[in-house]
Structures are given as C-alpha cells and as structure tokens.
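Throughout, numbering of the chain's residues begins at 1 and tracks the sequence.
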Amino acid sequence: MSSVKRPVLLLTHVAAGDVGQVSVILKNLGYPVKVLRLNKGDQLPANIRDYSGIIAFGGPMSANDDHIEYIRSELDWMPKVVKERIPLLGICLGAQILARSLGADVRKHPDGLYEFGYYPVFRETGVDDLGMPMQLQVFHRHGEAFGIPSGARRLVT
C-alpha cells in the first residue's frame, strides 16, 4: 500500500509568472502541488504542516517592498515555516523574502549590477541532493543581493 505524499506548496508573485518545470519535476517524484498566486489574493495557509515543502518563486518587486500586503504577509509567515522545519526553497524574490524574514539584509547589489537575461547558476560544492548539474543557464532579473541568514544553507549561487 503506497502512502500519499503531502503536496508541495508553490508561491507565485506575478500575474504572468508560473512555476515552470518545477511542478512537472515534483509530480514526477510523486508529490502533488498546490499553487498560490499571492498577487491575485490567495492567502497563505495557517496549517503549514499540510505540506511536504514550500517553494517561493520570483517577481519584479523587492523583499523590502513591505508596503505590498502579500509581501508583508509572506515576511511574517516564513519564520513560522522555518520553525515547523518544513523544507523551504526561495528562488529569486522568494529567496530575498526568506532571507529578510530571518534577519538578513536585502539591498542593492554592492557592485551596482542589474542582471537581466540568461546567466549561469552554480550548484554549491557538496550539494548533491538537488538532482541538478553543477551549472545551469537560467533567466535572471534582479539588482539586489542578500546575506545568508544564520542557520540557512546556500544551495546555488
């Protein structure tokens, strides 16, 4: 008898944005997915334990845009996820929000860089549990950088 896995919660922040191949990969691994479109008014769940993991995706706004209601809500919510020890992956804006919610600074890139287009992403040495090659070309659009909060683990650069 196979056990049913709890879904992975996917958080998006832009109307045109989607979760890309992530949902396909998760489904192939046997995980159902639930997508919340925070910018469309979807609310973050109170019962975090309903999920196997959470992935927060990107968007053009900043984690410092806490005047935006759904950004403020997510900043307040993420430490609860961490406290419950639910696996949490932040991608782009999602990583900024996670870092800021755990006390790290999010600021303009120190070298004034603004990346827009396809650039390499490198898997950190010793991180073998992602099922990804050492380097991928992925789309970037950001001009901010952030620190790694205490207790967090950098997976890619």
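Atom CZ in Arg141 sits 12.5 Å away from atom CG in Leu93 (nearest 0.5 Å). Taking CD of Gln137 as the reference point, atom CD of Gln135 lies at 6.0 Å (rounded to 0.5 Å). Rounded to the nearest 0.5 Å, atoms CG (Leu36) and CG (Leu10) are 8.5 Å apart. Annotation: the span from Phe122 atom CZ to Thr157 atom OG1 amounts to 9.0 Å, rounded to 0.5 Å. Within the model, atoms CD of Glu124 and CG of Leu155 stand 8.0 Å from one another, a figure rounded to the nearest 0.5 Å. Separation of atoms OH (Tyr70) and CD1 (Ile97) is listed at 8.5 Å; rounding is to 0.5 Å.
Looking only at side-chain heavy atoms (C-beta outward), Val35 and Leu11 stay at 4.5 Å or farther from each other. For the pair Leu9/Ile48, no side-chain contact is recorded, criterion being any heavy-atom separation below 4.5 Å from C-beta on. Contact annotation: the side chain of Pro120 never approaches that of Leu136 to less than 4.5 Å [non-hydrogen atoms, C-beta and beyond]. Taking 4.5 Å as the limit, every side-chain heavy atom of Trp77 sits out of range of all side-chain heavy atoms of Ser101. Val33 has its side chain out of reach of Pro7: every pair of non-hydrogen atoms, C-beta onward, lies at least 4.5 Å apart. Looking at Leu88 and Met78, their side chains come closer than 4.5 Å, going by heavy atoms from C-beta outward. Here the side chains of Leu26 and Ile55 are in contact, with some heavy-atom distance below 4.5 Å. In this structure, the side chains of Asn28 and Ile25 stay at 4.5 Å or more apart for every pair of heavy atoms.
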Evaluate Val82 against Leu102 for side-chain contact (heavy atoms from CB on, under 4.5 Å), listing each step before the verdict.
CA-CA 9 Å; Val82 172; Leu102 297 176; 4.1 Å; yes
Where do Gln96 and His142 land on the side-chain hydrogen bond (donor to acceptor under 3.5 Å, both in side chains) test, with the steps shown first?
CA-CA 11 Å; Gln96 288 182 20; His142 56 91; over 6 Å; no
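Judged by distance alone, with hydrogens and angles left aside, the side-chain atoms of Arg6 form a donor-acceptor pair with the main-chain N or O of Arg49 at under 3.5 Å. In this structure a side-chain-to-backbone donor-acceptor pair under 3.5 Å is missing from Ser23 to Val19. At distances below 3.5 Å, not a single donor-acceptor pair connects side-chain atoms of His13 with backbone N or O atoms of Met61. Counting only distance, with no hydrogens or angles, the side chain of Lys27 and the backbone of Val22 share no donor-acceptor pair below 3.5 Å.
Listed by chain and number, the residues in a ring pair (Phe, Tyr, Trp, His ring centres under 6.0 Å) with Phe139 are Phe116, Tyr118 (sequence neighbours excluded).
Between Pro60 and Val14 the shortest heavy-atom distance is CD-CG1, 3.0 Å. In plain terms, the two heavy atoms of Asn47 and Asp50 that are nearest each other are ND2-OD1, 3.1 Å. Minimum interatomic distance between Pro149 and Ala99 (heavy atoms only, all atoms of both residues): CG-CA, 3.6 Å. Considering all non-hydrogen atoms of both residues, Ala145 and Pro110 come closest at CB-CD, 4.0 Å.
Sorted by first and then second residue, the pairs that involve residues 51-69 and meet side chain to side chain donor-acceptor pair (under 3.5 Å), not counting sequence neighbours, are Ser62-Glu144, Asp66-Arg72, Asp66-Arg100.
Other members of the cluster containing Phe146 are Val106, Ile148, with ILVMFWY side chains joined at under 4.5 Å, either directly or via other members.
Summarising the local packing, NZ of Lys108 is surrounded by 12 or fewer heavy atoms from other residues, nucleotides or ligands at distances under 6.0 Å.
Val121 and Met134 are members of different hydrophobic clusters when ILVMFWY side chains are connected at heavy-atom separations under 4.5 Å.
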